[in-house]
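Here's the structure we're looking at; comments come further down.
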Amino acid sequence: LQDLYDGNNGLFCAGLADVTHRVAAFFFHRYHPALRMCTKHWWDYGYQTKCGGYSYFEQGVRPKGLSPLPKQQQLTAKGQVEYFRRASKLLLHELGHLYLLDHCIFQNCLMKGTAHLVEDF
């Protein structure tokens with residue numbers, strides 16, 4: 001699993017779409033339901049053994065026992081559904097751009113632009 005970068009600014013992005021060339025790229029690295037990350041330092045992240053609903057460190061404290069890669073065990077049914085839900089939203093959002101849809105200001109709109117993954121989930 002890898003992050004996608006859209007330039008030299010060092011910030012990752014989950015997806016990009018280029019209407020001119022009719023291409024979109026999606027990276028689900030940060031969408032894994034067992035991922036936990038810091039809200040201030042995006043490069044500080046790891047994977048827990050169990051999936052949970054909230055992907056950020058609680059009160060900014062890094063949990064003990066995070067691994068650099070997700071464990072090879074199967075995701076639970078609930079974890080699979082959450083991973084699929086997150087990935088589907090990203091795919092549909094980027095495909096929307098290929099159909100000339102721009103970002104939207106409404107909170108529950110699939111085309112809502114986001115500045116943080118907590119807004120994506």
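Fair warning: this is a prediction, and the values are worked out from it, not measured in the lab. These numbers come from the heavy atoms of this one structure, side chains and all, not from hydrogens, waters or symmetry mates.
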Distance col, row F26:CZ vs L16:CG, nearest 0.5 angstrom, shows 10.0 Å

To the nearest 0.5 Å, atom CE of M111 lies from atom CG of L95 at 9.5 Å

side-chain contact (heavy atoms from CB on, under 4.5 Å) between Y56 and L35, worked out: CA-CA 8 Å; Y56 292 97; L35 181 83; over 6 Å; no

[Y] side chain reached by [X] side chain, heavy atoms, under 4.5 Å:
| X | Y | result |
| --- | --- | --- |
| L110 | K89 | yes |
| L66 | Q48 | yes |
| R62 | C38 | no |
| Y31 | L90 | yes |

**Asked** In terms of side-chain geometry, is the basic nitrogen of E82 or R86 positioned less than 4.0 Å from the acidic oxygen of its partner?
**Response** yes

For H103 and H97, take the angle between the two ring planes, folded into 0 to 90°, and tell me which bin it lands in: parallel under 30, tilted 30 to 60, perpendicular over 60.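 Correct class here is perpendicular.
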
Margin query: So does A34 get a backbone contact from the side chain of H32, meaning a donor-acceptor N/O pair under 3.5 Å?
Written below: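 The answer is yes, because a donor-acceptor pair under 3.5 Å joins these two groups.
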
So, the side chain of T76 versus the backbone of G79: is there a donor-acceptor pair under 3.5 Å, distance only?
->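 The answer is yes, because a donor-acceptor pair under 3.5 Å joins these two groups.
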
* To do: Please assess R36 against S55 for the test side-chain contact (heavy atoms from CB on, under 4.5 Å), listing each intermediate value before the final yes or no.
  => CA-CA 5 Å; R36 297 295 171 268; S55 294; 4.3 Å; yes

Q. Same hydrophobic cluster for L91 and L98, using side-chain heavy-atom links shorter than 4.5 Å among ILVMFWY?
A. yes

For Y45 and F57, the nearest pair of non-hydrogen atoms, with its separation, is CA-CZ, 4.4 Å

Nearest heavy-atom pair of A17 and E94: which atoms, and what distance?
->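 Result for this residue pair: N-OE1, 3.4 Å.
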
CA sep, side-chain torsions, deciding dist, call: M37, D44, side-chain contact (heavy atoms from CB on, under 4.5 Å)
CA-CA 6 Å; M37 67 183 107; D44 186 9; over 6 Å; no

Q: Please step through side-chain contact (heavy atoms from CB on, under 4.5 Å) for the pair L75 and Y83, ending with a clear verdict.
A: CA-CA 9 Å; L75 286 173; Y83 206 1; 3.6 Å; yes

